Amino acid sequence: MKTIHEFRVDSTCYLDDQGAPLGDLPPQAENTERVLAAYRNMVLTRTFDSKAIALQRTGKCGTYPSVLGHEVIGTAIGQSMAANDVFAPYYRDQAAHILRGVSLTELLLYWGGDERGSAWKNCPEDLPISVPIATQCCHAVGVGAAMRIRDEARAVVCCVGDGGTSKGDFSESINLAGAWHLPVVFMVINNQWAISTPRSIQTGAETIAQKAIGAGLPGHIVDGNDYFAVIEALDSALERARAGKGGAVIEAITYRLGDHTTADDATRYRSSEDLKQAWEKDGIKRLQNYLHEAGFWTPEKEQKLQSDCKATVDHAVQAYLATEAEPPTAMLDYLFETLPESLKSQRERIADKYRGGAA
Amino acid sequence: MKTIHEFRVDSTCYLDDQGAPLGDLPPQAENTERVLAAYRNMVLTRTFDSKAIALQRTGKCGTYPSVLGHEVIGTAIGQSMAANDVFAPYYRDQAAHILRGVSLTELLLYWGGDERGSAWKNCPEDLPISVPIATQCCHAVGVGAAMRIRDEARAVVCCVGDGGTSKGDFSESINLAGAWHLPVVFMVINNQWAISTPRSIQTGAETIAQKAIGAGLPGHIVDGNDYFAVIEALDSALERARAGKGGAVIEAITYRLGDHTTADDATRYRSSEDLKQAWEKDGIKRLQNYLHEAGFWTPEKEQKLQSDCKATVDHAVQAYLATEAEPPTAMLDYLFETLPESLKSQRERIADKYRGGAA
Amino acid sequence: MNSSTARTESETRDVTLVEAVNMALQWEMAHDDSVVVLGEDIATNGGVFRATAGLKEQFGFKRVMDTPLAENLIAGTAIGMATQGLKPVAEFQFMGFIYSGMEQIISHASRMRNRTRGRLHCPLVYRAPFGGGIHAPEHHSESTEALFAHIPGLRVVIPSSPQRAYGQLLAAIRNPDPVIFLEPKRIYRAVTQSVENNGEAIPLDTCFTLREGSDVTLISWGASMLETLQAADVLSEQSVSAEVIDVGTISPLDRETLLCSVSKTGRAVIVHEACRNGGVGAEVAASIAEGAYLELKAPVARVTGYDTVMPYYRNEQAYLPQVDDIVEAARRVIAL
Amino acid sequence: MNSSTARTESETRDVTLVEAVNMALQWEMAHDDSVVVLGEDIATNGGVFRATAGLKEQFGFKRVMDTPLAENLIAGTAIGMATQGLKPVAEFQFMGFIYSGMEQIISHASRMRNRTRGRLHCPLVYRAPFGGGIHAPEHHSESTEALFAHIPGLRVVIPSSPQRAYGQLLAAIRNPDPVIFLEPKRIYRAVTQSVENNGEAIPLDTCFTLREGSDVTLISWGASMLETLQAADVLSEQSVSAEVIDVGTISPLDRETLLCSVSKTGRAVIVHEACRNGGVGAEVAASIAEGAYLELKAPVARVTGYDTVMPYYRNEQAYLPQVDDIVEAARRVIAL
Ligand SMILES: Cc1ncc(C[n+]2csc(CCOP(=O)(O)OP(=O)(O)O)c2C)c(N)n1
Ligand SMILES: Cc1ncc(C[n+]2csc(CCOP(=O)(O)OP(=O)(O)O)c2C)c(N)n1
Ligand SMILES: [Mg+2]
Ligand SMILES: [Mg+2]
């Protein structure tokens, strides 16, 4: 018996739970403007998130998946991606969407039951939110393949949850990325839960990053509440990808601080103790502390930021609430480029029925 | 950055290409009767295989997938499995089926377009041949789960090709086997080809065994033309599985010496040079040489074996050719346990139409 | 196979449809050790709709299994279990997520018995909540029962009341062949009905005549039985006597009951929320037009969803068949 | 987007259906750089039926891609490519292996345009050989076109002659929306027809009247057009004048042509090899019975496969609709 291959899974963390550097920081820390922009986006995301939950609770929005605990990861994704890269999101990527240019109003429309919430004006090539778990992984490699076919120096970031990595789509897609050397970075957001199902039930593997090994891709773990660890891993993976050096899998470890969605009650299946501990690792607080210590942040700036975010969110909510529903005929207007003959009578029927507005 | 996990893929081979031991042999080599029985089964399988191809060529059988190059692996599977273990085969497992008790006539019926070819009398719990690639992996873990639910000391062997490991079913299933500690041994038969698609296109991974890592299972490589390497790996994996210590992935490396099926022409996509080299590693010849050298085999025994195998196969072929087709009504008789009311008129219609036999 | 943990005694309770599902699962697990349940979030969480609540506590993790997130795997694992004589009841969290299990359902569950000439078979149930109207996100409102109805070897059963849910689910679990059991989630909690928890199954492969009438036959299944029954009320106020049939098992189809009714009334209106083109309504309409040709006094009408994707929730009501639509269709065929 | 490698000039050749498919692919790839093909064994091997033979040699591996063995991945990868403006033509080796791609096809390909309100769309073609009768092993004989016909947002196109295969495939590739292109492999090489390789598409969403007649309308698609046309010959010898319609695109359905024809003949026989229950014949029959109620002189007849799994090949002919069955059905509806 001889050993013919050896593999390693590495893990990176730069800041401790209080935001104090554990040692040298990566070069990304020197770009103060970018770090501050990251922090601002995290706070905006969190402000938006609690508002969206409140809207749902008061019947003004549909089922909504809180992004609490994912803000650092999403922000790093949004920052590391170039405008002409393509994002293949799942459904809990609000922080990234905001930086990609999706408006808060569009996000609310989407969760408020309006298809126009996916007609994103500012990132026309990004894939829409994917609800069927892990299916976006296959699209991501298709987009990556298109880039390779055309010899473009672009890349794709594809997000998937820890639960999503159990679905064949994930392994099939990372396998293709490996076989075809595609410029696709898979960001696995391991928040320890898939609704009520803990990470330990998803897989017997010690880490999710090691799933990359079976695809011949590099797999790496980062602390998902450590902005520097996440942004460094993404910057370098995307640079490699754009340079034609292939894809990667990054496992970002965090914790889902909220319920799965507003339709869920997490107290049924997890302890408040675990949740409390997870809050102690919160990445926003960590980065805030770091910025304070580094002299880039003050309580005044924080106060200003909070009220700016609130204003931005309130503004978006007003626009959302003021948006009238589409006419019911819209349900047939985007199905095909041109409405087929056989559907014309159905469209007429709807138009007749709802002349003068929806029921 | 710190390394948090390390993984290895090992490989085993005991005999060189000529069948000479490379060093100490495993304990399995001491069981001469079993080794001789293995050799006989390999020869029988190969005899059957060329006959089946000949039948297809003369219009007496349908499309048939040659097992040439897989005889050692299948034989080891058949030997290592206990009668009450369950086999989850793919479609190129003739050598194993024979040892499980599937008759050669049943095999011919199956490929000859007759469903009774799967009504196996001697291994009633084995799963039938699975044509949709890799789907049997999910059944295998289901069977394994049933064994665990009942606390039985049994195990499952599931075969899948190198091509099949790209399909989500494989990764989903090994993942479940890892998560639930199921007694399932996945035997990946890496014959270098999936029809015309070479192993290098299936995956960017250096080995297929390393896919086990992502499921938290041990992954191991054996020379699939080395009987001792294969049987040792299977014996020990099955022993572990039956003892409740979980499943495993074994990658057995061989070469598909024939066309993909009788409908294929492999010269369109691979070189005769490669094929010639692969023949030099042929596992049957290797074991024959070993047995000769060890004094357990003689040309006379070989001659007798060849003619016995020919007689056995001829006998099965006669029985196959003498088997009349089922009445067409059979197409409705096994769909449900009891024919639903609504299908009765269809059955009558068929019966009326074919009264006195099929067209 | 009588479980030592059986502790259920017959009692009568007012329950909702989803509670009736839970009750049937609990009864059968208590009385048959070979019944196991599996799916996403069904054990500790008791299912996102609570259909499996309490089962893990009563029967333990060995028989109540949270699976990894993979519907193809769930579908296939259940098949493997079934070939071993277990009776798995596998939950798909929403019908919109069943599609990755299609290969296993079509190529294996429905064929195992036929393929092995009876050597192995699949006594399993695939449960899935289906249908729209609950303000859910995209993919949570599917009604694609027609895809399953077209697959030979499957039974497709759809309850539309707590009592029928209880009895049909028991029958489905006991049935030795695979059953797709689609639960209309819009009426999961719409009404309560008194259900006797006595382990009595009610037959599959049969339609249920919920209301007798003489002028027109209204045919539906699942959640739209609600509007169909309401439409019958409205029609009755207009002196139109409508017979109402719940198809119950959409495949294999009980054509006899349907044809008897239409032979009597001479008119039929089929109601379903799935899109029209190629929906189960097409088969029902074609079967009636074939089998009751001489008795039909008007073409069979279909009141259905439109041939498009179920809109997100702001417009879902504009997609779903409404009471008025049914009444109008009935009046139209009667006017002919 | 005119490719520099374009070197095809119009020429007329006698070709089989599968050669016509190859010719259309070759033409379109030569004239539009955004067309790419992908699938299992399609590049070096040229496809197990040789539909893609020569494409890799002419257009290279970048545009002609052998994929790993995973249909779900093939379906999804094509979607990703299509959102980038490529026009992927993805092959499923046999229709029996398309099912693991269903989730991608139903939940994404068919919905991308609607979901994004036109921001992204999927100009892709999924090709698959389908149907029985070629002595193939299990799963190689599927006719499950009804599953796709029921999905809003998809086009389901089925050619039944070399000329139509050429023109319909060009139209399918150029169509900005997803097309399921099902190739009847039983007639892949049954006949040759002279096809002008001129890049001219023929319309989708339309039926083709192959033969005019006045007594009965025979309606079919795919391989069973062969028996349907033969049945028309037999009927004509018996002085029955049959109109023969190839449905061509089974969804969206060109009901107008069908209704016009049946209004004229008063009788319809639908022929398909898929099983009857919930087959596309049900929709066609229901639509005719609805739309030509007054003109119909007899119930619409369906000649179809039985409601069971296609038998292995020794009995496959007993399953497939035969010329006699069609003739008999036509005579039956005429006798009424
Ligand atoms: C194919 C599919 N199956 C089931 C669901 C229902 N569902 C929605 S989210 C979810 C859990 C996902 O967990 P994970 O991937 O870890 O992402 P997280 O929600 O934790 O961010 C499930 C089961 C779905 N959306 N798609
Ligand atoms: C799901 C599915 N897709 C495609 C096929 C067609 N097909 C049959 S065998 C084969 C190649 C399989 O290769 P591998 O798994 O390596 O097994 P091998 O034939 O080499 O033993 C393919 C593509 C199939 N049977 N099932
Ligand atoms: Mg998660
Ligand atoms: Mg192989």
Side-chain angles (χ1 to χ4, degrees), chain A residues 62-65 91 109-118 129 131-135 161-169 194-198 201-203 260-261 263-266 268-270 324-335 340 342-343 346-347 349-350 353-354 358-359, chain C residues 39-50 53 56 61 65-74 76 93-94 96-101 103 132 134-142 275-277 303-320 322 324-325 328:
Chain A
T63 302
Y64 170 83
Y91 46 80
L109 282 169
Y110 178 79
W111 295 108
D114 190 319
E115 285 84 350
R116 288 169 299 180
S118 300
I129 289 174
V131 169
I133 301 285
T135 51
D162 47 319
T165 64
S166 295
K167 198 155 171 276
D169 305 61
I195 309 189
S196 72
T197 308
I201 286 181
Q202 287 299 334
T203 180
H260 170 67
T261 64
D264 176 53
D265 172 7
R268 276 211 288 257
Y269 51 80
R270 67 184 191 187
E324 272 185 45
E326 286 182 294
T329 44
M331 75 171 86
L332 279 167
D333 288 341
Y334 301 92
L335 192 63
S342 69
L343 293 183
Q346 296 197 10
R347 192 179 185 288
R349 194 179 144 71
I350 303 173
K353 217 167 138 185
Y354 295 98
Chain C
E40 295 159 10
D41 305 294
I42 62 132
T44 305
N45 196 33
V48 294
F49 287 103
R50 328 269 331 114
K56 190 254 308 184
F61 278 122
M65 294 162 269
D66 277 330
T67 64
L69 206 168
E71 283 74 10
N72 173 57
L73 178 71
I74 293 171
Q93 207 160 74
F94 288 87
F97 307 131
I98 204 173
Y99 306 127
S100 73
E103 177 166 48
I134 64 158
H135 267 209
E138 197 191 359
H139 299 290
H140 292 71
S141 303
E142 318 267 311
C275 69
R276 166 176 313 221
N277 188 49
V303 178
T304 67
Y306 298 98
D307 287 327
T308 187
V309 181
M310 163 70 84
Y312 292 5
Y313 76 77
R314 285 182 89 172
N315 267 323
E316 70 181 345
Q317 288 303 327
Y319 174 90
L320 293 171
Q322 307 287 334
D324 282 357
D325 301 320
E328 183 199 309

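Labels below follow one simple rule: chain letters A, B, ... track the order of the sequence lines, proteins then strands, and each chain is numbered from 1. Model, not experiment: these values are computed from the prediction.
- The residue among A:Thr135, A:Asp264, A:Thr63, A:Ile195 with the most heavy atom pairs within less than 4.5 Å of chain C is A:Ile195.
- Both the backbone and the side chain of C:Asp41 come within contact range of chain A, with heavy atoms under 4.5 Å apart.
- Between C:His140 and A:Val131, the closest side-chain pair of non-hydrogen atoms falls below 4.5 Å.
- Checked by atom type and distance alone, the side chain of A:Ser166 never pairs as donor or acceptor with a backbone atom of C:Pro68 at under 3.5 Å.
- For A:Leu335, the part lying near chain C is the side chain, with the backbone staying farther off; criterion is any non-hydrogen pair under 4.5 Å.
- C:Asp325 has a carboxylate O that lies under 4.0 Å from a charged side-chain N of A:Arg349, or vice versa, which qualifies the two as a salt bridge.
- At a 4.5 Å heavy-atom cutoff, C:Tyr99 makes no contact with chain A through either its backbone or its side chain.
- Interatomic distance, OH of A:Tyr91 versus CD of C:Glu138, reported as 14.5 Å (0.5 Å rounding).
- The minimum heavy-atom distance linking A:Ser196 with C:Asn45 is given by the pair OG-CB, 3.3 Å.
- With a 4.5 Å cut-off on side-chain heavy atoms, C:Arg314 and A:Leu109 count as touching.
- With A:Glu115 contributing its side chain and C:Pro311 its backbone, the two residues share no donor-acceptor pair below 3.5 Å.
- Within the 4.5 angstrom heavy-atom criterion, only backbone atoms of C:Thr67 (N, CA, C, O) approach chain A.
- The distance from the OG1 atom of C:Thr308 to the CD1 atom of A:Ile350 is 8.0 Å, given to the nearest 0.5 Å.
- The main-chain N or O of C:Asp307 is found under 3.5 Å from a side-chain atom of A:Gln346 such that the two form a donor-acceptor pair.
- With chain C as the partner, the residue from A:Gly163, A:Gly117, A:Gly112 showing the most heavy-atom pairs under 4.5 Å is A:Gly112.
- Here the closest non-hydrogen pair linking C:Leu69 and A:Gly164 is CD1-N, 4.3 Å.
- Taking all atoms of both residues into account, the shortest heavy-atom contact from A:Tyr110 to C:Tyr312 is CE1-OH, 3.7 Å.
- The distance from the OH atom of A:Tyr269 to the OG1 atom of C:Thr44 is 10.5 Å, given to the nearest 0.5 Å.
- Of all the listed residues (C:Arg276, C:Glu40, C:Arg50, C:Glu71), the one sharing the greatest number of non-hydrogen pairs under 4.5 Å with chain A is C:Arg50.
- Chain C forms the most heavy-atom pairs under 4.5 Å with one residue out of A:Thr203, A:Thr261, A:Ile133, and that residue is A:Ile133.
- Proximity to chain A (any heavy atom under 4.5 Å) is restricted, for C:Gln93, to the side chain, taken from C-beta onward.
- The backbone N or O of A:Leu332 lies less than 3.5 Å from no partner atom in the side chain of C:Tyr306, so there is not a single donor-acceptor pair.
- The side-chain heavy atoms of A:His260 and C:Val48, taken from C-beta on, include no pair separated by under 4.5 Å.
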